[in-house]
Amino acid sequence: MDVLFTEAERLGLNGREAVEAARNPRLLISLPGLLGYSDLSTTGTMRAVTRRYRFCLFHLETIAAYRSVTSDVFTAEGLQPVSGSRFARGFLPPTYEREWEPAVHEDRLDKRLKRAEKAAGRILYMLGLDYGVVDIGIGADGKPVLLGVEPYPELEQSAALAFGVALAKYREGRAEESGRSLDATLGADPEFLLTNAEGQVVPASAYLPRRGLAGCDHVRIGERLLYPLAELRPEPSPDPGKLFASIRKALYHAAEHIPDRPGMRWLAGGMPARGFALGGHIHLSGLWLNSSLLRVLDNYLALPLMLIEDGRSQARRPRYGAPGDVRRQPHGGFEYRTLPSWLVTPGITKGVLGLAALLSSSYRELHQRPLRNFELLRAYYEGDKPKLAVAVKPLIDELHELAGYRRYEQMVSPFLRMVHLGISWDESRDIRMGWKIGPWKER
């Protein structure tokens, strides 16, 4: 394993600052609560854990997963067994114990394992680590409980082989990306919400089909699948200006199907109506998905956008809006899911698309990571704009110095000026006003 770790270190993985964070007990106790998992900083570490899982992760992927074979109930404090259950060994070394067994296909369909795996990946990413082993328990309340992190784990044979394969794949991806000359292709599927004169949500499915240029998206409430959200599916393009034009076309298309009734409003943002979180997902293809790119999108796009969001958008976090929230797509690209719906105005939409294009081509030149600071990460989740504004100013200055900035300046500059001035959007404002749709359509 030392050879593999040495090679990973040579490639710049698991930096010293991230390893130190993973060794910080106070941070490991506080971080999960910030992300919406069991908060041991306020409830104490004596929390019942009914299931335990172990994940070996490398560069945004799980390369091995295990489940504990024991059905005992433990506490999160050192995994001391609850009174009445037999003694069991605690967290981590050695990584592969007799009480652990590989998760088979049936296990991977288990909702608790999926929940634990997502938590493990998110926690490892937030610590700044590129690989490691994470132990997650599931509490009696169903929430993931962080049991520990090991940046340099002992791995059993099959996991060590998987690590080697993943490391080779990483080298290949990095080499291919360094030779990339074409622009990434951008796509998006931003959402908006319809409300009536009484402020009640009107399901988009009442007017829009499930598929098409302008359709509706689902939310699951218990066992029910509802389609209250309107979603645009514009034509992807390497040119953010063309993507913007396609979004405008999709909005006009939606207006042809949605009647203009008195008091009806089209709303965007983070959470314009209680319980309805909206997303402004960015699709990227034609480039390598890697943690450096994601961290640049988090710090240079999601963070500035947060400074101009309506205060109501904060309610979207922590369930949504987590830094590094990404989903791979079947076509080979990926969907960056951290952002709220930026359809609130054409200017903000242009800024987000232009900045996404700029970052996708220049991310290797950008090295500031304010969200690695736990207090700034907390400020992001809590919506503390004054604290974050100080950290964002150097980022904006750095963007202006990029060689590729002039190419996207017309789209990006007004947006960055809004960020600098702290001009927030209003989620109660009908977006049709800015987009000149319906009653505000230019004659």
Side-chain angles (χ1 to χ4, degrees), residues 15-22 24 26-27 30-36 122-130 269-270 280 282 291-318 320-326 336-340 342 348 351-352 354-356 358-360 362-402 404-405 408-409 412-425:
R16 184 175 62 181
E17 185 180 347
V19 173
E20 290 176 354
N24 184 338
R26 184 173 298 177
L27 178 59
S30 302
L31 179 60
L34 193 63
L35 305 181
R122 185 161 290 177
I123 288 169
L124 195 82
Y125 179 84
M126 292 298 184
L127 290 171
L129 292 171
D130 299 292
I282 299 290
S291 57
S292 293
L293 170 60
L294 281 185
R295 295 188 198 286
V296 165
L297 291 172
D298 292 338
N299 287 275
Y300 292 83
L301 178 54
L303 195 52
L305 186 63
M306 179 265 170
L307 288 183
I308 61 172
E309 71 181 17
D310 187 301
R312 284 165 283 197
S313 291
Q314 183 190 339
R316 185 171 173 263
R317 299 183 289 271
Y320 303 100
D325 190 358
V326 65
Y336 181 63
R337 301 169 55 81
T338 300
L339 308 180
W342 27 260
I348 292 174
V352 168
L355 196 49
L358 173 62
L359 297 178
S360 68
S362 306
Y363 70 92
R364 284 165 289 186
E365 303 171 46
L366 300 168
H367 305 290
Q368 297 185 65
R369 305 287 187 267
L371 286 175
R372 277 187 180 171
N373 180 302
F374 180 72
E375 291 307 315
L376 292 178
L377 182 64
R378 185 193 298 277
Y380 169 78
Y381 273 94
E382 295 178 352
D384 188 344
K385 293 184 180 183
K387 181 176 289 188
L388 291 172
V390 177
V392 167
K393 186 182 184 304
L395 304 183
I396 295 178
D397 293 341
E398 192 178 8
L399 289 172
H400 286 139
E401 297 300 318
L402 289 173
Y405 180 77
Y408 304 105
E409 184 174 12
V412 172
S413 181
F415 169 79
L416 293 181
R417 180 166 176 77
M418 283 187 66
V419 173
H420 175 70
L421 296 175
I423 301 173
S424 299
W425 68 61

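- Residues that satisfy the side-chain contact (heavy atoms from CB on, under 4.5 Å) test with Ile423, not counting sequence neighbours, are Met418, Leu421.
- We find the CG-CG distance between Leu355 and Leu399 to be 6.0 Å, quoted to the nearest 0.5 Å.
- Defined by atom type and a distance below 3.5 Å, a donor-acceptor pair is present between the side-chain atoms of Asp298 and Tyr336.
- Taking Val326 as the reference, Leu289, Leu294, Phe334 meet the side-chain contact (heavy atoms from CB on, under 4.5 Å) condition, with sequence neighbours excluded.
- Sorted by first then second residue, the salt bridge (charged side-chain N to carboxylate O under 4.0 Å, His left out) pairs that include residues 388-400, not counting sequence neighbours, are Lys393-Asp397.
- Nearest heavy atoms, Leu388 versus Leu307: CB-CD2, 3.8 Å.
- By the salt bridge (Lys or Arg N to Asp or Glu O under 4.0 Å) test, Arg295 pairs with no residue at all, sequence neighbours left out.
- Asp310 meets the side-chain hydrogen bond (donor to acceptor under 3.5 Å, both in side chains) test with Arg312; sequence neighbours excluded.
- Within the 4.5 Å cutoff, the side chain of Met126 has no heavy atoms near those of the Phe374 side chain.
- Annotation: the span from Trp342 atom CH2 to Ile348 atom CD1 amounts to 11.5 Å, rounded to 0.5 Å.
- Applying the side-chain hydrogen bond (donor to acceptor under 3.5 Å, both in side chains) test to Ser291 and every residue at least two apart in sequence or in another chain returns Asp130.
- At a threshold of 4.5 Å between non-hydrogen side-chain atoms, the residues Leu301 and Thr338 do not count as touching.
- The salt bridge (Lys or Arg N to Asp or Glu O under 4.0 Å) search around Glu375 returns Arg378, not counting sequence neighbours.
- For CZ of Arg364, the number of neighbouring non-hydrogen atoms (other residues, nucleotides, ligands) closer than 6.0 Å is greater than 12.
- With sequence neighbours left out, the salt bridge (Lys or Arg N to Asp or Glu O under 4.0 Å) criterion links Lys387 to no other residue.
- Residues Leu416 and His400 are in side-chain contact: their nearest non-hydrogen atoms beyond the backbone lie under 4.5 Å apart.
- Separating the CG atom in Leu303 from the CG atom in Leu376 is a distance of 8.0 Å, to the nearest 0.5 Å.
- Contacts of Glu20 classified as side-chain hydrogen bond (donor to acceptor under 3.5 Å, both in side chains), with partners at least two apart in sequence or in another chain: none.
- By the side-chain hydrogen bond (donor to acceptor under 3.5 Å, both in side chains) test, Arg369 is found to be paired with no residue, residues two or more places apart in sequence or in another chain being considered.
- Considering only heavy atoms from C-beta on, Tyr380 stays 4.5 Å or farther from Asn299 through its side chain.
- Every residue was checked against the side-chain contact (heavy atoms from CB on, under 4.5 Å) condition with Val390, not counting sequence neighbours, and none meets it.
- In terms of the ring-ring contact (aromatic ring centres under 6.0 Å, His included) criterion, His420 has no residue partners (sequence neighbours excluded).
- Using a 4.5 Å heavy-atom cutoff, the side chains of Lys385 and Met306 are in contact.
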